[in-house]
Structure formats: C-alpha cells, structure tokens
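In listed order, ligands and their atoms are each counted from 1. From a predicted model like this one, the values you see are computed outputs, not experimental measurements.
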Amino acid sequence: MTIQHNIPLQPLNTFGIHAEAANLITINIEDQLAEVGAMPQPKHIIGGGSNILLTTNPGGLVLLNRLKGIEQIQEDDSYIYLRVASGEVWHHLVMHTVQQGLGGIENLALIPGTVGASPMQNIGAYGVEVKDTIQSVTFWHWADAKMHTYTAADCQFGYRESIFKHQLKDQVYITSVVYKLSKHPVLNTSYGAIEQELQTMHVTTPTVATVAQAVINIRSSKLPDPAVTGNAGSFFKNPTIPIAQYETLKAQHPTIPSYPVTPDTVKVPAGWLIEQCGWKGYRRGNCGVHPKQALVLVNYGAALGTDIWQLSTDILRSVQEKFGIELEREVNVW
Ligand code: EPU
C-alpha cells in the first residue's frame, strides 16, 4: 500500500486552509482497511473535506476516502434500495436518483461532501433529514477488525447527530450506505423558500427534478461556492433552548424566529442570533462572516485555521453575552 508524505491538504478541504498531511493513504478498495487498521497511528478520514477546519498539520494517518460505486440491491412495489460506496460525491448521488424520478433526497441537492458523511452528521436541509432515507450503514471497526452493518435505528440519529459522532467517534470507517428511495415520491415543498422558488421557475406540478433544481437555485443564491470562496457550510448548529428562555427572549426581540422541537423546547436559527450581534458581512483579514448567511464563516484567501477558530470563538462569546445562548460548532476541528 502506498503512503504519501507531506501532502498539501489545501485542495482537499473546502475551507481551502493550507496544511500538510505527514502521511496520506488513498482508500480505493475496502480490502485496504484491514492493513490500515493494523497500523498503530491515529487515523483521520477525509471525504469531501467539507466539514473540517484544519487548525494544525494532522499527524498520524490521513485516509482519503475514494471508495466508489452505486448499486441497486433490491426493489419492491414502493422502493428501490441503493447501496452506495462512502466515497461517492453526495450531490452526484442526488442527481442520479433525481434523474430516475426517485424520491427522498431531492431536498438535499448541492450539499457538499461525500456519501460517508451523510449518516455521520445526518445531513439535512429544507425540511428533510437523510436519516429518513437511510436503511443501513456498513463500516469497518478498527478495534475488532470486522465489518458491521447498523440499521437506521442503531445509528441513533438526531439533528446533525449520530452514533458515529459519539460512541463510535474515530472507531470506524464507514464503507457504504443503503438508501431506500421512493418510486412514488411525496414531495416536501413546505419549506417556504421552495414554494417561492418553484413559482419563480413557473413550475405548477413539481417533480423530484424540479424540487432539486429549486433547492440548487436557493442554495446557490445564499451560500458561497467553496470553489470560489472557502467555507464549510453552516459553521454552528442551530441551538435548541427551553420554551421559557425563548419566551423571555421573544419579549425583548419580537422578531426572533423559532421552530418547535418538543413541547418544552424550540430551535432558534444561529444565523439570526449571529446577525443580531452585528457579525453578518464582517471581515477580519482573510476570514469573515458570509454577507448573505451569517451561519457560514468564509476564507477569503490565505486565512489560517486558527484565524477562523478565533473568529468563531469571538462570535460564540458575543452570542452568549447578548442572548445567554451557547452556540455549538458544527464543523469538526482538527
Ligand atoms: N437568518 C438570519 N440571518 C442570517 C441567516 C439566517 O436572520 O444570516 C434567519 C432566516 O431569516 C430564517 C432563519 O434564520 O428565518 C433560518 O435561515 P435558513 O433558512 O437560511 O437556514 P439555517 O437554519 O440558517 C439550516 C441548515 C443549513 C440548511 C438550511 C436550509 C443548520 C446548522 N444549517 O440553516 O445547512 O441549508 O437550514 O434548510 O441546521 C449546513 O449544515 O452546512 C447547511 C448549510
């Protein structure tokens, strides 16, 4: 197996941060995992590199996931089941399913990253989370040197959460995911912006393809293209707070948006909180807060990972001071 040394990671992370991997192995076939697992060094996996902030040169082994393949494994009256290798580009999978008229992940078009990251953080957008389409996840467990398959229930999915970010963090290498895609799609256009965009597109009878296109249009208009401006999508999670705290805040800030979570809690958009603290469009040297979406931190050129980390710390502090809410970073910090 080839180990490459001192490999620049700038092209491999969507923030475009300059860093170097001391040792990098490209994983092309699952059979490599037994040998890699026997190596004692700590392991860091990069898929699309779209949810990491590099604040240092990673030591140990950086594993570049390039496992490829989309395979139909089952079909019944309602669903088609696709087993997809974890190194496939997520958006390519979405387009593949949409072209066949299959429903389930059309609202998740244009989310950067690879298939392996989709169960890891239960990716979501425009009223849909991937957990509702995932049938199972297969992974190699480093410690017991075996493949395991977990059902969706085993994965303990939550908002941007799964067992892979907790109990199994750094313990496994996700190799493939089985998605259950509907042959009779039920479209989810209830998220306001989608309805509006479909109208702008003059679509009267939406399909999975036109919904995906509407999502692509909305995302392209609000979120920076990582090929142009380095970023990792939402930098923070939307915090969930107790109703009582929300009511107090609403009395002071009547326009605060919210989404119900449980009878006792609501989610409030971090982008709104950050904007209210005056950060939207803020620039400090080579990094800043996106002018159209305050939840997204951007690298305008040669920002260091530590510059972005510092900016995020300052944002956390000001949101805490103004609203008494502690934001949590969504990106993985290396
Ligand atoms: N808002 C502001 N100012 C901002 C940004 C947002 O006031 O700068 C307000 C909006 O007006 C709206 C609310 O916040 O009332 C929600 O904004 P938006 O619909 O843009 O979504 P979000 O909650 O900021 C989440 C996801 C995104 C996903 C969008 C659309 C998280 C952490 N982020 O953002 O996911 O695309 O919803 O569904 O849940 C990602 O995870 O990388 C990501 C981009």
I need the contact type for [X] against ligand 1. Using non-hydrogen atoms and a strict under-4.0 Å cut-off, is it side chain, backbone, both or neither?
X      : value
Tyr259 : side chain
Pro257 : side chain
Phe236 : backbone
Gln293 : both
Lys292 : neither

Take the angle between the ring planes of His253 and Trp272 and call it parallel below 30°, perpendicular above 60°, tilted in between.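 Correct class here is perpendicular.
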Should the ring pair Phe139 and His141 be called parallel, tilted or perpendicular, given that the plane angle runs from 0 to 90° and is split at 30 and 60?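 Answer is tilted, since the angle falls between 30° and 60°.
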Note the single closest protein heavy atom to [atom], along with its residue, its atom name and the distance in Å.
atom                    : value
atom 35 (O) of ligand 1 : Arg160 NH2, 3.0 Å
atom 38 (O) of ligand 1 : Tyr126 N, 2.6 Å
atom 34 (O) of ligand 1 : Leu295 CD2, 3.9 Å

May I ask whether [X] has any heavy atom positioned less than 4.0 angstrom from an atom of ligand 1?
X      : answer
Trp279 : no
His290 : no
Gln276 : no
Lys222 : yes

Nearest protein heavy atom to atom 10 (C) of ligand 1: under 4.0 Å?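 There is no protein heavy atom less than 4.0 Å from atom 10 (C) of ligand 1.
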If we count only non-hydrogen protein atoms and require a distance under 4.0 Å, does atom 29 (C) of ligand 1 qualify as touching the protein?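 No; the ligand atom in question lacks any protein heavy-atom contact below 4.0 Å.
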Those atoms of ligand 1 less than 4.0 Å from some heavy atom in Pro269: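 In order of numbering, the contacting atoms are 13 (C), 14 (O), 16 (C).
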Hey, are Trp279 and Ser318 close enough side-chain-wise for a donor-acceptor pair under 3.5 Å?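 Present: a donor and an acceptor within the cut-off.
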Glu161: partners by salt bridge (charged side-chain N to carboxylate O under 4.0 Å, His left out), with sequence neighbours left out: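 So Glu161 forms a salt bridge (charged side-chain N to carboxylate O under 4.0 Å, His left out) with Lys237.
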Is the terminal nitrogen or CZ of Lys146 (NZ for Lys, CZ for Arg) located under 6.0 angstrom from the six-membered ring centre of Trp140 and within 45° of that ring's axis?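 Not satisfied by the 6.0 Å and 45° rule.
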Does Arg329 make a cation-pi contact with Phe235 (under 6.0 Å, within 45 degrees of the axis)?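 No.
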Under the 3.5 angstrom rule, does the side chain of Lys183 hit a backbone N or O of Asp76 as a donor-acceptor pair?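 Side chain of Lys183 to backbone of Asp76, a donor-acceptor pair under 3.5 Å: yes, one is there.
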Heavy-atom closest pair, residues Asn231 and Gly233: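 Smallest heavy-atom distance, with atoms named: OD1-N, 2.9 Å.
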